[in-house]
Amino acid sequence: MNIHQILKQYWGYDQFRPLQEDIVRSVLAGKDTLALLPTGGGKSVCFQVPGMALDGLCLVISPLIALMKDQVENLKKIGIPAAALVSGMSQHEIDLILNHAVFGQLKFLYVSPERLESRAFLDNLKQMKIGLLAIDEAHCISQWGYDFRPPYLNIANLRQYIPKVPVMALTATATPEVVEDIQEKLSFKEKNVFQKSFLRDNLTYYVIREEDKLNRMLRIIRTVKGAGVIYVRNRRKTREIAEFLVKNNIRATYYHAGLDQKERSSRQAAWISDQTPVIVATNAFGMGIDKPNCRFVIHLDLPDSLEAYFQEAGRGGRDGKSAQAILLYETIDKNNLEKNFNETYPELAFIKSVYHALGNYFQIPVGSGKHAVCDFDLKTFSDQYKMKPTEVYSALKFLEKEGLLLLSEEINLPSKLFISVDKETLYRFQVERADFDPFIKMLLRSYGGLFTDYIKISESEIASRLHTAEEKVKKTLEDLHKLSLIDYVPSPKKPQIIYTTERLDQKDIRISREYYDERKAAARKRLDAVLQYAESHTRCRSQLLLGYFGETESRRCGKCDVCLKCNRLELSQLEFDRMKDILKPALQMQNLSLEELLELLNEFPQERAIKFVQWLADEEVIVQDKNEKFRWHKS
């Protein structure tokens, strides 16, 4: 079957999007390939189609558990055998999936980068027939990237086990520095990048200075109309702002990682179907979601990086029609971003003390605890050890990126069930224990595949079918589990800490000061880029974003808030940029009078030069001192 037949049969598309086919053919030619496609560019098709075309298994490495699960479910729905190995699974469940992979019963296997450190996984890998190694969110391998994860550095070690297998790396956002770093860290045989322009000419970017953000947001929603996303930084605000919108007759809901899986899926579906066209969310919302007719994306808080902003804003206008990306900004936001930055990088001694306290909290001895799954309450832990919850959370995220543990916020994951005996043994049990027979028959009727895979179940649905209480269903499942007939994995009720290595002694935690400082400096650089974007008054928003991602030859969009103001000057882009290039360096060196500024601009008609200087003053790009001389104030 050729790639076009695969695309049509499984995904229903008659043709590839721009660049997709070139990327697929590069992989099929055996070349290491980096695909840089902005949000909505169809990255998953780029590795899933060649994964189907090549002989053997496609091994996919991804750091996002939720996205792995979504992709596995979507592949299964279209008839492609797939599975994911994620932390928190029982050893039996892991062994079952690895057996399926070794014996060719899977076409796609998703794993986290931490899994690559497991000797058991590597031993099984040697027996798998691998056709393609795909690395999603590949920017995580670069310490210059916005979401660097040290466990990603282990990926290159896989190549010794599968030397002839092509590597495909995919990311939606990467600066030129990160693009180079990805290829080097993955040991590409030769550089090979397919990059789609970051230009989204149907998406108009605005930054609006506003103190009364809620009412400004309301006016925008009523003016733009249609579906949209409103991004905020914390969970409490998602609920408060959604309630504010509902009170003002806007159909809205909210979304964050603290909601249970069923609730999140329900709210996501309601937004996609336009039942609740506006959704207020944290950055937990959006991965893998493709809603074509999203007309606006509003940020009420500053993002941590332009990479994150570009991805989130890029959820607007996927259908190619006009959409708006609006950042509502006030001075206090800068202070909040600085505060958040400082809390995100607590001192190394504090990070190590959190790790040590966790081990004591869970009573895990040094040298043991690998793969331990522990229910975790952030507030209780913080109160017990007299630490600030925000700083504890930042320390945990740092330890997670170091590969020492995982913080799972997937509250209320569905329960799972696997029948661990063969059909004959189960039948004999049903004959001997008639009291369990109706219950087991109902399970077999309701859920297929229980003898071969762990299947998601709902205790409430089972209770409804049996006309009994949910607690009684759980008790019966637990009894069958104790009898070793089934492996019942009940849904966790709290966030969980999962140890990916044995607990280390506090003195053995190795995080070098130089390494920590480098990462902090890289994060500071990203934060400064966000502030420059928010506070710029003279540079087209689209040009600023494109320039950040290495596209330096772009033209002004003509539609953003900066361009609209520039348009009123009736200056061409060339004239505007020329005037700015003349005045900015001069005013950064010394303060100048109006007459001196006009003299510098003497190559232009005086009326135009005066209008330009007046515009700079109105926008506070230049300000006057007590002697009425101008100085350059901000970009």
Side-chain angles (χ1 to χ4, degrees), residues 57 68-70 72-111 120-121 123-124 127-129 260-262 265 371 373 410 412-493:
L57 173 78
M68 281 197 274
K69 289 177 176 174
D70 285 347
V72 166
E73 290 304 312
N74 290 335
L75 287 168
K76 285 180 175 179
K77 282 177 188 173
I78 58 176
I80 298 173
L85 285 178
V86 297
S87 295
M89 285 181 164
S90 68
Q91 190 56 50
H92 187 266
E93 191 172 0
I94 292 168
D95 292 343
L96 196 65
I97 290 172
L98 288 174
N99 282 339
H100 288 338
V102 168
F103 290 105
Q105 295 166 318
L106 292 177
K107 197 62 185 164
F108 290 87
L109 176 61
Y110 287 73
V111 301
F121 174 77
D123 288 343
N124 278 280
Q127 302 175 62
M128 297 177 197
K129 185 175 184 181
D260 68 59
Q261 184 66 43
K262 188 175 180 181
S265 297
H371 302 314
V373 180
E410 300 280 325
N412 285 343
L413 287 170
S415 298
K416 291 178 290 188
L417 183 65
F418 172 75
I419 296 178
S420 45
V421 296
D422 58 35
K423 292 180 181 179
E424 187 178 333
T425 304
L426 183 65
Y427 176 73
R428 284 202 307 270
F429 175 81
Q430 288 174 259
V431 172
E432 293 168 7
R433 293 292 303 271
D435 50 330
F436 282 103
D437 183 55
F439 186 89
I440 293 171
K441 282 180 177 172
M442 189 281 309
L443 286 179
L444 295 173
R445 284 197 305 270
S446 302
Y447 301 101
L450 288 169
F451 288 96
T452 55
D453 280 306
Y454 281 78
I455 304 298
K456 295 174 185 176
I457 63 165
S458 167
E459 291 92 341
S460 61
E461 284 181 13
I462 295 170
S464 175
R465 289 172 188 171
L466 291 172
H467 306 291
T468 189
E470 188 174 335
E471 288 307 312
K472 190 174 180 182
V473 168
K474 291 179 181 177
K475 175 69 167 58
T476 306
L477 289 167
E478 286 165 3
D479 289 342
L480 290 170
H481 179 87
K482 288 173 185 174
L483 291 166
S484 299
L485 288 158
I486 66 170
D487 189 10
Y488 169 50
V489 185
S491 163
K493 296 300 178 188

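These numbers come from the heavy atoms of this one structure, side chains and all, not from hydrogens, waters or symmetry mates.
Between the side chain of S415 and the main chain of Y488, no donor-acceptor pair closer than 3.5 Å is present. Between the side chain of T476 and the backbone N or O of K472 there is at least one donor-acceptor pair closer than 3.5 Å.
The nearest pair of heavy atoms linking I457 to K416 is CG1-N, 4.4 Å. Contact between L466 and F439 at its shortest, heavy atoms only, is CD1-CD1, 3.4 Å.
Listed by chain and residue number, S90, F418, Y454, D487 satisfy the side-chain contact (heavy atoms from CB on, under 4.5 Å) test with H92 (two or more places apart in sequence, or in another chain). Not counting sequence neighbours, T468 has no partner by the side-chain hydrogen bond (donor to acceptor under 3.5 Å, both in side chains) test. Applying the salt bridge (Lys or Arg N to Asp or Glu O under 4.0 Å) rule to E73 yields the partners K456; only residues at least two apart in sequence or on another chain are considered. In this view, K129 and D55 satisfy the side-chain contact (heavy atoms from CB on, under 4.5 Å) rule, not counting sequence neighbours. For E432, there are no salt bridge (Lys or Arg N to Asp or Glu O under 4.0 Å) partners at least two apart in sequence or on another chain. With sequence neighbours excluded, the residues forming a salt bridge (Lys or Arg N to Asp or Glu O under 4.0 Å) with K475 are D479, listed by chain and number.
By the 6.0 Å contact criterion, CZ on F451 is enclosed, its count of non-hydrogen atoms from other residues, nucleotides or ligands being greater than 12.
Contact check on E424 versus R428 returns a salt bridge, with a Lys/Arg side-chain nitrogen under 4.0 Å from an Asp/Glu carboxylate oxygen.
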*asked:* Between K482 and E478, is the salt bridge (charged side-chain N to carboxylate O under 4.0 Å, His left out) condition met? List the steps.
replied: CA-CA 6 Å; K482 288 173 185 174; E478 286 165 3; 5.5 Å; no
_side chain to side chain contact (heavy atoms under 4.5 Å, CB included) evaluation trace for H100 with D453_ = CA-CA 10 Å; H100 288 338; D453 280 306; 3.3 Å; yes
